[in-house]
Amino acid sequence: MKFRHLFFNTALALGLSLGQQSSFAESATPQMEIFKSPQCGCCGKWVEHLNRNGFDGRSVNTADMASIKQQLGIPAELQSCHTGRSGNYVFEGHIPAKVIQQFLANPPADAYGLAVPGMPIGSPGMEMGDRHQDYDVMLLSRDGNHRVYSHISQTAGH
């Protein structure tokens, strides 16, 4: 009984119901489900960034981010504070919306998502005035050979 309850709660948290998946497929606006801690302010700012830039981002507050990251295949070394899911793809951390849009328009065949490890200053949701760290957006590959998908620098902007 305990296992059944755990399975149901996990499925509910990850939005695996057929009705929710079909609503993702039917929308012209890319939908993003974002799993985050209820106390995380930068996560909320990242959701706002997505919504200002052509996404329909919906937050799912949870205290068990570790299980979600494990279930969605986010490698420990590429983790950040929040995890998004759009269709069959995952988006970890403070990825600029335009990079996600570029990825979704033409996803590499072996990819299952993107990740920005840590919390780079100046990334969407981590704005601190004019301060900015250069950072890489990593391509999550099914074969485990994750590589740089995009480099974000202060001169290139985001």
Side-chain angles (χ1 to χ4, degrees), residues 11-17 19-75 77-108 111-141 146-158:
L12 185 62
L14 294 176
L16 297 178
S17 71
Q20 193 163 16
Q21 285 184 355
S22 66
S23 69
F24 282 155
E26 294 167 4
S27 176
T29 301
Q31 307 245 332
M32 179 84 66
E33 192 173 31
I34 299 99
F35 302 98
K36 66 177 204 62
S37 164
Q39 292 81 25
C40 186
C42 68
C43 297
K45 290 179 181 179
W46 186 70
V47 174
E48 291 171 8
H49 165 77
L50 289 179
N51 289 336
R52 283 191 312 270
N53 289 281
F55 284 88
D56 180 6
R58 298 178 186 165
S59 297
V60 177
N61 289 325
T62 180
D64 191 10
M65 289 300 299
S67 291
I68 289 170
K69 290 174 189 305
Q70 182 180 17
Q71 290 170 13
L72 294 176
I74 310 298
E77 68 275 11
L78 299 180
Q79 291 183 7
S80 183
C81 53
H82 55 266
T83 305
R85 186 182 67 183
S86 183
N88 294 324
Y89 298 105
V90 297
F91 300 96
E92 177 72 6
H94 294 270
I95 308 164
K98 73 177 188 177
V99 175
I100 297 171
Q101 291 164 338
Q102 175 186 346
F103 174 88
L104 289 173
N106 189 23
Y112 67 94
L114 299 172
V116 169
M119 301 166 72
I121 295 171
S123 61
M126 289 296 298
E127 294 87 355
M128 295 184 179
D130 60 357
R131 294 177 52 204
H132 186 279
Q133 292 175 298
D134 292 354
Y135 61 96
D136 291 327
V137 178
M138 303 300 294
L139 182 71
L140 301 174
S141 299
H146 312 302
R147 59 191 179 277
V148 174
Y149 177 78
S150 181
H151 178 74
I152 308 296
S153 69
Q154 186 170 6
T155 55
H158 54 266

Give a yes or no on whether the backbone of Met119 and the side-chain of Ser80 come within a donor-acceptor separation of less than 3.5 Å. no
Sequence-distant partners of Val99, side chain to side chain contact (heavy atoms under 4.5 Å, CB included), two or more places apart: Ile95, Pro96, Leu114, Val137, Tyr149, Ser150, Ile152
CA sep, side-chain torsions, deciding dist, call: Tyr135, Ile121, side chain to side chain contact (heavy atoms under 4.5 Å, CB included): CA-CA 9 Å; Tyr135 61 96; Ile121 295 171; over 6 Å; no
What pairs with Gln70 under side chain to side chain contact (heavy atoms under 4.5 Å, CB included), at least two apart in sequence or on another chain? none
Does any N or O in the side chain of Ser67 come within less than 3.5 Å of the main-chain N or O of Asp64, such that one atom is a donor and the other an acceptor? no
Side chains of Glu77 and Pro117: does their closest heavy-atom pair fall under 4.5 Å? no
Working to the nearest 0.5 angstrom, can you tell me the gap between Ser123 OG and His49 NE2? 9.0 Å
Smallest heavy-atom separation, Leu140 atom then Ala115 atom, equals CD2-CB, 4.1 Å
Do Phe103 and Tyr89 have ring centres separated by under 6.0 Å? yes
Of all heavy-atom pairs linking Ala97 and Asn53, the shortest is CB-CB, 3.5 Å
Just do the side chain to side chain contact (heavy atoms under 4.5 Å, CB included) check on Leu72 and Phe91 with the steps written out, would you? CA-CA 10 Å; Leu72 294 176; Phe91 300 96; over 6 Å; no
Between Thr83 and Ile34, is any pair of side-chain heavy atoms under 4.5 Å apart? no
Nearest 0.5 Å, please: how far is SG in Cys40 from CZ in Phe35? 15.0 Å
Give me the one residue out of Arg85, Lys69, Lys36 that meets salt bridge (charged side-chain N to carboxylate O under 4.0 Å, His left out) with Glu92. Lys69
Name all residues meeting the side chain to side chain contact (heavy atoms under 4.5 Å, CB included) criterion together with Asn51; count only those two or more places apart in sequence or in a different chain, and write none if there are none. Val47
Do Gln31 side-chain atoms and Ser86 backbone N/O form a donor-acceptor pair below 3.5 Å? no
Could you check if a side-chain atom of Asp136 sits within less than 4.5 angstrom of a side-chain atom of Val116, using non-hydrogen atoms only? no
Does Leu139 form a side chain to side chain contact (heavy atoms under 4.5 Å, CB included) with Val148? I'd like the steps, not just the answer. CA-CA 6 Å; Leu139 182 71; Val148 174; over 6 Å; no
Aromatic contact between His94 and His82, with the criterion being ring centroids under 6.0 Å apart: yes or no? yes
Please report the C-alpha distance between Ser141 and Tyr112 in whole Å, then the side-chain angles of each, then the deciding distance to 0.1 Å, and finally whether the side chain to side chain contact (heavy atoms under 4.5 Å, CB included) criterion is met. CA-CA 6 Å; Ser141 299; Tyr112 67 94; 5.8 Å; no
Is it true that a side-chain atom of Glu48 and a backbone atom of Gly125 form a donor plus acceptor pair closer than 3.5 Å? no
What's the shortest heavy-atom distance between Gln79 and Ile74, and which atoms? NE2-O, 3.1 Å
